Amino acid sequence: MDYDFKSIERKWQAWWAENKTFKVVEDPSKPKFYVLDMFPYPSGAGLHVGHPLGYIASDIFSRYKRLRGFNVLHPMGYDAFGLPAEQYAIQTGQHPEVTTDKNIARYREQMDRIGFSYDWDREVRTCDPAYYKWTQWAFLQMFDSWYDPDRDQARPISELVERFGTTGYADVTPERWAAASDREKSDILMNYRIAYQGETSVNWCEGLGTVLANDEVKDGLSVRGGFPVEQKKMTQWQLRVSAYAGRLLDSLEKLEWTDSLKEMQRNWIGRSEGTEMVFNTVCDGRELPVTIFTTRADTIYGVTFMVLAPESELVEQLTAADRKAEVAEYLQYVKKKTERERIAETKTVTGVFAGSYSINPVTGEKVPVWISEYVLAGYGTGAIMAVPAHDSRDYVFAKTFGLPIVPVIEGADVSEQSVDAKEGVMCNSGFLNGMSVKEAIEAAKDYVEAHGLGHRKTNYRLRDAIFSRQRYWGEPFPICYRDGIPTPLPLSALPLRLPEIDSFKPSPDGQPPLSRARDWTYGGCPLEKSTMPGFAGSSAYYLRYMDPHNDSALVSREADAYWRNVDLYIGGTEHATGHLIYSRFWNKFLYDRGFVCEDEPFRKLINQGMIQGRSNFVYRIVGTNTFVSLGLKDKYDTTEIHVDINLVRGDRLDLEGFRRWRPEFADAEFILEDGEYICGWAVEKMSKSMFNVVNPDDICDTYGADTLRLYEMFLGPLEQSKPWDTKGIDGVARFLKKFWRLYTTRDGFAVTDEKATADELKVLHKLIAKEQEDIENFSFNTTVSAFMIAVGDLASMDCRKREILEPLCVLLSPFAPHISEELWHLMGHDDSVTAARFPEYVAAYTVEDSVTYPVQFNGKMRFTVDLPKAASPAEVEEAVRALEQTARWVGDGRIVKVVVVPGRIINIVVK
RNA sequence: GCCCUGAUGGCGGAAUUGGUAGACGCGCUGGACUCAAAAUCCAGUGGCCUUUAAAGCCGUGCGGGUUCGAUUCCCGCUUGGGGCACCA
């Protein structure tokens, strides 16, 4: 009876689908567990073996948790709005929906072959109107909310309106509010809404014809497509993510995420505690207050000039009449630069003198005001006090423009560079003299506040998220413009569906594609023409899985109260500063407004590593069509050429296949070693252009899905990047065959009802202990090893007993579900192996006997005893006494150290 | 420049709390079965010295340190990967 993985896998995949084996419903009698994969963007290229790594891990964990009696929510869906489908549509005219559907079908087919235990009844697609209705709904909720700093949470905007009308709030008095026109009221409220429209400097990408969020830009190029990005002032929809910066930072503490990922988010949020201080500034005889932000209030005596960001509103007012021409010229120069040029030229220092002077509020000293692009308008107040002696950027600027440098820390040598370190003792600093820098920072802050010169302030690097995209393939905004005033659509108008348009390009006059739609209006008012960005649909999808068919709420209170939040989230690190920030923000907002019961979406997060490709090379002798084998290539002048890994087996090239591969190689000649052509290799990203892509379908055809699953786990630690090498897969394929042969002989099924021996039980119990420990630690590779050892042991004992093999089958089922399901049914069960329960087997688990054995090494003795885990203190003491006696006798010497860890190991070291 | 991470045989990787480094798998070598091959099974496999064996020595990126004992802890480097980058 052979292991026919093909028919077994086909059979059980169909059976699971037919019986809806993995359908899950809320069940208060069982503890819940929510395991989530980051849903994929369905690209045209399909899946390669790297993609399912995380899905396999989460599937194993889900199946394991079910065995342990949890009610497991394990859904899957598609992040289906996005740029690639639209770019493709622009080129081919094909509707993005058509290509997206096609790609999704292919993804589904590929995933189904791997045997995942998803509840497909809960599938979501972000481009489905029934889904994006709730994305639009969330946007309207944000539009209808403001962030109340006193309560530190989002509140209905109506509360703010009420305050404006009664007590007044901030700079809006009841009188002003009452006198304001509708237009003015709308403008005022825009300054407070969580989702608001405002002019801001944006990342404009000409190549894509749209603006991009900060996390969609890298090194001055768009992440999608790699087009240059420039800064541009535009009116855009934005989300007030910055209001949540403090909470996003603080609640990182309680999350079980990796330190590196938390650190990435901390850096991205970028908290910095400092002081805002007012410098009165004189320009052409007029006096104006200029507020600056600094973390180094202690260096106030070292201020020798001020710098404004070129985009700062103060620039115009603080430019003296006789400097207008130079300043205008400089502003022009800055404006022309792209983001990329700015990055490339960080070393070159530019700036211009504004002609005005600030008065140091502490010393009364007058210092010149400059304008330079090294000060950013978007951070702090867009103005700084420059202390060249103790800030490297100010230092370079001062050196370039010949400004004075005044050190205020004892012994600081500023002849070559600034001294930025926050250490040393203050000097030249009046009341701060003699203090350490740390003391001085606090003393200076106190001084500033006591004298009314400013106040303590915490700033964040995190900016509001730009929420408009000038594209077609995204969620339309449920906003129309009534007399030009942005007005939300009523909830009954949702979903606002994407209109049909004739072309997906921007309109000839540079308007977004939606301007091509006929009658894009609501109640006679024009609708918003931009659409939402990719992260809109992915920010709350984990909530929708809880209640995917609900038409009256994003998620019902009952479903939300049961599933709460994601217990385990598996996905790549690339979303650290995008999706994972937006999702947390989005969730906190919904939490504030009482729509969900947890304030963090993802409790535990595991980042699976990338699976890299293993590329092969051939070496062509320059100017010829002759290829030389790896070992001989150094004797010639060669170029390295990627060769399709399907033409290579064990680094040996299939010569005929190579000649057939491409016309230009048809008459290739080879210089062989030992009669073979050996290829070079390297580990690289898995990609088509390197001819190293391995398709999971091929692996399923050749080895089966169970082998693929086991092998992906066996490759190495989940979180680590590692190369794929199909060569090694034979090991796990052999393991599964060996496993199969435990239950079967040539004649058929061969499991007996004999009583198991102590040795056989020990093998099983060791495996149970190991699997339990390893799976909870996500150490799946060592679990697979443990299975190999156990199966090897049982095979050598020729153990065919149900008492051992039935639990073994259950243990393996999370990893290799198809073969386990087959054997489970062969053993006489009618239900799925999924319905089996661990505790029954774990209860039978007993601890192995204690053993004592001395070991000699390096002229010293070590004595070790393994105690039962449940050993009592008295038993431990007894064991120590016995060991000490043995040690004295054998060692004939002094006991150096006794290490006792109850329940573990006792070590006695003797000299 | 700053932050995070990693570095162990020919390869992927094990190693609890500081306690026999190299589990498990691949590859390789030899053997069994076979006309032969595939498949399967058995044995060996870090390096050096040695005819062989035994024994010994060296070995976890490099250099120090702590310790009876270091892949593990501390200090200083080298290097791969990732993130941030004028954030005052």
Side-chain angles (χ1 to χ4, degrees), chain A residues 218-219 258-268 270-272 274-275 292-297 299 307 309 342-343 345-347 349 372-376 378-387 390-394 396-397 420 459-463 573-574 576-577 607 609-610 612 614 650-651 681 683 710-711 714-717 719-735 737-738 741 773 777 779 781-789 792 795-796 853 855-864 893-897 899 901 904-905 907-911:
Chain A
K218 214 184 163 225
D219 299 330
T258 58
D259 290 339
S260 69
L261 201 90
K262 285 191 195 177
E263 199 55 31
M264 251 189 252
Q265 290 215 339
R266 282 192 199 107
N267 291 341
W268 188 259
R271 182 191 187 102
S272 95
T275 314
I292 60 95
F293 175 74
T294 180
T295 53
R296 293 295 301 274
T299 58
V307 189
R342 271 197 168 196
I343 289 166
E345 294 167 18
T346 48
K347 293 269 168 349
V349 179
S372 173
E373 59 181 331
Y374 86 88
V375 174
L376 306 175
Y379 184 77
T381 60
I384 63 157
M385 63 178 213
V387 186
H390 303 292
D391 183 287
S392 49
R393 295 153 304 184
D394 297 346
V396 175
F397 192 83
D420 293 16
N459 262 330
Y460 297 94
R461 207 191 69 109
L462 185 71
R463 308 293 158 86
T573 21
E574 66 270 22
T577 53
N607 298 115
M610 239 201 315
Q612 296 142 317
R614 189 178 188 277
D651 287 338
W681 63 273
V683 171
L710 277 167
Y711 187 53
F714 185 66
L715 271 178
E719 307 191 55
Q720 189 176 303
S721 284
K722 58 240 162 192
W724 177 272
D725 188 355
T726 305
K727 264 193 318 193
I729 203 170
D730 290 321
V732 289
R734 271 196 274 271
F735 158 74
K737 277 185 216 165
K738 211 188 241 181
R741 280 200 304 267
E773 193 183 321
N777 292 318
S779 178
N781 52 330
T782 53
T783 320
V784 178
S785 295
F787 273 113
M788 289 177 172
I789 295 167
S796 64
Y853 51 94
V855 183
Q856 184 162 12
F857 66 99
N858 288 351
K860 291 158 198 151
M861 307 272 181
R862 194 187 109 214
F863 301 87
T864 303
R894 190 163 56 87
I895 291 174
V896 178
K897 195 176 178 185
V899 183
V901 181
R904 298 264 179 118
I905 289 177
N907 283 322
I908 297 183
V909 179
V910 184
K911 225 170 201 167

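We name chains A, B, ... by the order of the sequence lines, and we start the count at 1 in each one. What you see is a predicted model, and the numbers here were worked out from it, not measured in a lab.
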Can you tell me how far [atom2] of [N] sits from [atom1] of [X], to the nearest Å?
X	N	atom1	atom2	value
A:M264	B:G83	CE	P	7 Å
A:L376	B:A85	CG	P	11 Å
A:W724	B:G12	CH2	P	16 Å
A:N267	B:C86	CG	C1'	16 Å
A:M788	B:A23	CE	P	14 Å
A:E719	B:C4	CD	C1'	14 Å
A:K722	B:G80	NZ	C1'	17 Å
A:K727	B:C24	NZ	C1'	17 Å

Identify which nucleotide among [options] has an atom closest to any side-chain atom of [X], counting heavy atoms from C-beta outward.
X	options	value
A:I789	B:C4, B:A88, B:A23	B:A23
A:N781	B:C24, B:A14, B:A88	B:A14
A:P723	B:A23, B:A88, B:G12	B:G12
A:F714	B:A88, B:C24, B:A39	B:C24
A:S785	B:A14, B:A23, B:U40	B:A23
A:T782	B:A88, B:C84, B:A14	B:A14

> Pick the nucleotide of RNA chain B nearest each of A:Y379 and A:S721; which residue has the one closer to the 5' end?
Replying inline: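 On the 5' side of the pair lies A:S721.
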
> On RNA chain B, nearest-nucleotide positions of A:G716 versus A:V784: which is more 5'?
Replying inline: A:G716

> Under a 3.5 Å cut-off for both distances, is B:U29 Watson-Crick or wobble paired, and to whom?
Replying inline: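 Pair assignment: B:U29 / B:A43.
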
>> Syn if the chi torsion is within 90° of 0, anti otherwise; quick check, which is B:G9?
In response: syn

Rounding to the closest angstrom, what is the interatomic distance between [N] and [M] at atom [atom1]?
N	M	atom1	result
B:G47	B:G83	C1'	39 Å
B:C75	B:G82	C1'	26 Å
B:G13	B:A21	C1'	13 Å
B:G19	B:C41	C1'	37 Å
B:C4	B:C73	P	16 Å

Which part of the nucleic acid does [X] contact within heavy-atom distance under 4.0 Å: base, sugar-phosphate only, or nothing?
X	answer
A:R734	sugar-phosphate
A:R271	nothing
A:K738	sugar-phosphate
A:L715	sugar-phosphate
A:D259	nothing
A:S260	sugar-phosphate

> Any side-chain N or O of A:K737 under 4.0 Å from OP1/OP2 of B:A39?
Replying inline: no

>> Evaluate A:N459 against A:Y379 for side chain to side chain contact (heavy atoms under 4.5 Å, CB included), listing each step before the verdict.
In response: CA-CA 8 Å; A:N459 262 330; A:Y379 184 77; 3.6 Å; yes

>> Cation-pi check for A:W268 against A:R461: NZ or CZ below 6.0 Å from the six-membered ring centre and within 45 degrees of the axis, yes or no?
In response: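 Ring-cation test returns yes.
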
> Can A:D420 and A:S392 be counted as having a side-chain donor-acceptor contact under 3.5 angstrom?
Replying inline: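 A:D420 vs A:S392: donor-acceptor pair found between side chains.
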
>> Could you go through A:V732 and A:F787, starting from their C-alpha distance and side-chain angles, then the distance that decides it, and tell me whether this counts as side chain to side chain contact (heavy atoms under 4.5 Å, CB included)?
In response: CA-CA 10 Å; A:V732 289; A:F787 273 113; over 6 Å; no

